[in-house]
Protein chains: 2
Amino acid sequence: MNIGQAAKHTGLPAKTIRYYEEIGLVVVQRDSNGYRAFADTDLHMLTFLARARALGFGIEDCRSLLALYQDGQRSSSDVKAITRHHLDEIQQKILDLKEMQATLSELVNACSGDSRPDCPILKSLGQN
Amino acid sequence: MNIGQAAKHTGLPAKTIRYYEEIGLVVVQRDSNGYRAFADTDLHMLTFLARARALGFGIEDCRSLLALYQDGQRSSSDVKAITRHHLDEIQQKILDLKEMQATLSELVNACSGDSRPDCPILKSLGQN
DNA sequence: GATAGGGGTTCCAGCTACGGGAAGGTCAAG
DNA sequence: CTTGACCTTCCCGTAGCTGGAACCCCTATC
């Protein structure tokens with residue numbers, strides 16, 4: 001299967017698949033003409049990666065998770081540790097964004113948004 | 001005032017201030033020795049930028065906001081439009097992160113996290 | 001056989017918003 | 001005069017791709 005088909009099958013852009021191969025996330029065999037030849041296991045790994053990325057895992061986490069996935073001797077505690085750490089970071093991001101959201105909402109509500117220059121948003125940013 | 005003092009005063013790292021100058025966000029006079037000489041208005045603008053960045057505005061938004069800030073003829077509607085658009089993006093990000101959070105929480109809770117290889121997290125990522 | 005198209009390949013540049021570090025100039029104190 | 005703390009510029013690296021150029025391959029059609 002060529003890269004275009006693999007892309008359709010996994011939902012990943014071809015460029016992304018090439019990138020994953022380049023950084024060693026996956027290893028793909030080549031046909032005699034130099035084209036990548038994706039096997040079912042390759043598609044499976046790529047789908048795994050696509051899901052992990054969709055959950056916000058970074059590339060290095062993905063690398064670790066994929067290694068654990070393929071290791072029959074793994075401990076689920078290792079998987080859980082990575083996931084929990086990632087979850088913590090997401091929760092922190094949510095908190096940060098919510099704080100921004102609260103402030104921005106206030107400011108937007110306070111601003112009349114007409115043709116006059118008077119603006120509480122700028123006043124707040126420039127105060128002091 | 002030198003860059004170190006300006007950094008302390010604004011809370012921005014010196015590197016960041018140099019970067020802002022490089023991309024034309026601020027223009028700073030130089031002393032005869034080549035050192036940047038920060039005036040009060042420069043500090044004021046840098047503080048403005050620091051606040052806008054802390055609210056998550058991108059650099060180009062900051063550029064626009066700063067221009068509006070310095071334009072006595074501005075319409076507050078322009079400021080509000082930028083801010084509302086930014087707010088929308090933040091809210092979307094929060095939604096995305098919350099979805100990840102929900103899934104990840106479920107998975108973490110379902111995983112025993114012991115020394116056995118059986119793991120619902122990997123099962124979910126690799127399913128199909 | 002020539003050609004057109006729709007694949008594929010590599011490599012290089014660029015994106016955001018800086019941070020690290022090297023190589024070197026400047027200044028105040030002792 | 002030297003030391004140490006500043007300052008300067010310049011270049012590389014970050015995460016995770018994306019776009020584009022230049023070129024190769026395969027199939028179909030004229």
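Lettering of chains follows the sequences in order, A, B, ..., and the numbering in each one begins at 1.
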query = Does C:dA17 have OP1 or OP2 sitting under 4.0 Å from an N or O in the side chain of B:Tyr20?
reply = no
inquiry  = Rounded to whole Å, how long is the line connecting atom CG of A:Leu12 with atom C1' of D:dG16?
reply    = 12 Å
query = Within the side chain of A:Arg51, is there an N or O that forms a donor-acceptor pair under 3.5 Å with the backbone of B:Leu125?
reply = yes
ask   = Are any of B:Thr16's side-chain N or O atoms less than 4.0 Å away from OP1 or OP2 of C:dA17?
value = no
ask   = D:dC6 phosphate, OP1 or OP2: any side-chain N/O from B:Arg36 under 4.0 angstrom?
value = no
request  = Report which part of the nucleic acid B:Phe57 touches: base, sugar-phosphate, or nothing (heavy-atom distance under 4.0 Å, all strands).
outcome  = nothing
ask   = Does A:Arg63 put a side-chain nitrogen or oxygen below 4.0 Å from OP1 or OP2 of D:dA15?
value = no
query = So, is A:Asn33 close to the D:dC26 phosphate, meaning a side-chain N or O under 4.0 Å from OP1 or OP2?
reply = yes
message = Tell me the interatomic distance from A:Lys15, atom NZ, to C:dG8, atom P, rounded to whole angstroms.
response = 12 Å
ask   = For B:Tyr19 and D:dT14, what is the distance between atoms OH and C1' respectively, to the nearest whole Å?
value = 13 Å
ask   = Any side-chain N or O of B:Arg30 less than 4.0 Å from the OP1 or OP2 oxygen of D:dT9?
value = yes
message = If I take atom CD1 in residue A:Ile3 and atom P in nucleotide D:dT18, what distance separates them, rounded to the nearest angstrom?
response = 12 Å
note = DNA chain C nearest-nucleotide lookup for B:Ile59 and B:Tyr35: closer to the 5′ end is B:Ile59
From CA spacing to verdict: side-chain contact (heavy atoms from CB on, under 4.5 Å), A:Gln91, B:Gln101 = CA-CA 7 Å; A:Gln91 279 163 344; B:Gln101 182 197 28; 3.2 Å; yes
key: Most 5' of A:Pro13 and A:Ser32 on DNA chain D, judged by nearest nucleotide   = A:Pro13
remark   = Whole-Å distance, B:Phe38 CZ to D:dT8 C1', equals 12 Å
request  = Using heavy atoms to find the nearest nucleotide of DNA chain C for A:Gly34 and B:Gly58 separately, return the residue whose nucleotide is more 5′.
outcome  = A:Gly34
query = Passes side-chain hydrogen bond (donor to acceptor under 3.5 Å, both in side chains), A:Ser75 versus B:Asp114? Steps please.
reply = CA-CA 6 Å; A:Ser75 302; B:Asp114 54 26; over 6 Å; no
ask   = Within this structure, what is the CZ-to-P distance between B:Arg18 and D:dT9, rounded to whole angstrom?
value = 7 Å
task = Can you tell me the distance, in whole Å, between the CD atom of B:Gln5 and the C1' atom of D:dA5?
result = 12 Å
task = Show your working on side-chain hydrogen bond (donor to acceptor under 3.5 Å, both in side chains) between B:Asp96 and B:Gln92 and close with a plain yes or no.
result = CA-CA 6 Å; B:Asp96 293 347; B:Gln92 187 56 54; 3.0 Å; yes
query = Taking 4.0 angstrom as the limit, do B:Glu60 and B:Arg63 come out as a salt bridge?
reply = yes
ask   = Atom CG of A:Leu46 and atom P of D:dC17: how far apart are they, to the nearest Å?
value = 12 Å
